[in-house]
Every structure is written in structure tokens, then in C-alpha cells.
Amino acid sequence: MDLDTYDRLTNSTNTDTELLLGLNKEELIALATTKLAINEQEELSSLLAKNQSQILNNNEEKKLEYLLAKIDNLNILKTRAIYTLEKLK
């Protein structure tokens, strides 16, 4: 990161709490392209299909809620990483 970019980011940190500071460009790209693990994606697909048929037990409902919350959090982090990368330009 060059000095101009550093100054731009550090000066905007007082007002922009969405920036992910302390990560380099490669780390931000890795975060921006993160996906749910394959085994979790497969489990999510299975649980969603069962949920559509309304045959989930309590443990499956909790697991589905957990996976959906995890996806929401991943999407927030991905969006913030993309946003930070845009500010680096």
C-alpha cells in the first residue's frame, strides 16, 4: 500500500466504520471471494429441501438457522472487503 492510499484510508477511518483496516490487498481479495465450505453447502441444500417439505427436527432446524446466519455474516464481511478494496483504488 502506498502512502497516498494509506493516508486516504486512515483519514476516513474516523467516519467510515465499514472499512476493514489492517488487511492487505491479497487478504481482502481472499475474504471478498470466500464461500461456504462444500460440506456446509451440501448440508444447507439438504436442510433447505427438508425444510421445504416441513420435515426438519429440532436439531436440523438449529443447524439450518446456524448455517443461514453464517451465510449472512460471510456476506457482510465479503461486502465490507469489496468496499475496502474499492476505497484502495
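- Taking CG of L64 as the start and NZ of K50 as the end, the distance is 11.0 Å to the nearest 0.5 Å.
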Check your understanding: Between I38 and E42, is a side chain to side chain contact (heavy atoms under 4.5 Å, CB included) present by the stated rule, with each step listed?
Key -> CA-CA 6 Å; I38 292 172; E42 290 170 352; 3.5 Å; yes

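- No single ILVMFWY cluster, assembled from side-chain heavy atoms under 4.5 Å apart, contains both I82 and I71.
- Cluster annotation: L36 and L48 are assigned to the same hydrophobic cluster (Ile/Leu/Val/Met/Phe/Trp/Tyr, side-chain heavy-atom contacts under 4.5 Å, transitive).
- Considering L20, L85, T84, L74 in turn, L20 is the only one that fulfils the side chain to side chain contact (heavy atoms under 4.5 Å, CB included) rule with L31.
- Remark: L67 CG to D72 CG distance equals 11.0 Å, nearest 0.5 Å.
- The pair E86-K89 meets the salt-bridge criterion, since a charged nitrogen lies less than 4.0 angstrom from a carboxylate oxygen.
- Although no hydrogens or angles enter the test, the distance criterion places a donor-acceptor pair under 3.5 Å between the side chain of E27 and the main chain of N24.
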Exercise for review: In sequence, state the C-alpha distance, the side-chain angles, and the governing distance for E60 and N57, and then conclude on side chain to side chain contact (heavy atoms under 4.5 Å, CB included).
Suggested key: CA-CA 5 Å; E60 290 170 327; N57 64 38; 3.3 Å; yes

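- In this structure, K63 and L47 approach most closely via the heavy-atom pair CG-CD1, 3.7 Å.
- Hydrophobic clustering, with ILVMFWY side chains joined whenever heavy atoms are under 4.5 angstrom apart, groups L77 together with L88.
- To the nearest 0.5 Å, atoms CD (Q41) and CG (L44) are separated by 5.5 Å.
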Practice item. For the pair L19 and R80, evaluate side chain to side chain contact (heavy atoms under 4.5 Å, CB included) and give the outcome as yes or no after the intermediate values. Key: CA-CA 6 Å; L19 289 173; R80 290 180 65 195; over 6 Å; no

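- Under a hydrophobic-cluster definition in which Ile, Leu, Val, Met, Phe, Trp and Tyr are linked whenever side-chain heavy atoms come within less than 4.5 Å, directly or via other members, L23 and I29 are assigned to the same cluster.
- Closest approach of K87 to D16, counting heavy atoms only: CE-OD2, 4.1 Å.
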Check your understanding: Between E40 and K70, is a side chain to side chain contact (heavy atoms under 4.5 Å, CB included) present by the stated rule, with each step listed?
Key -> CA-CA 10 Å; E40 289 182 318; K70 187 173 185 176; 2.9 Å; yes

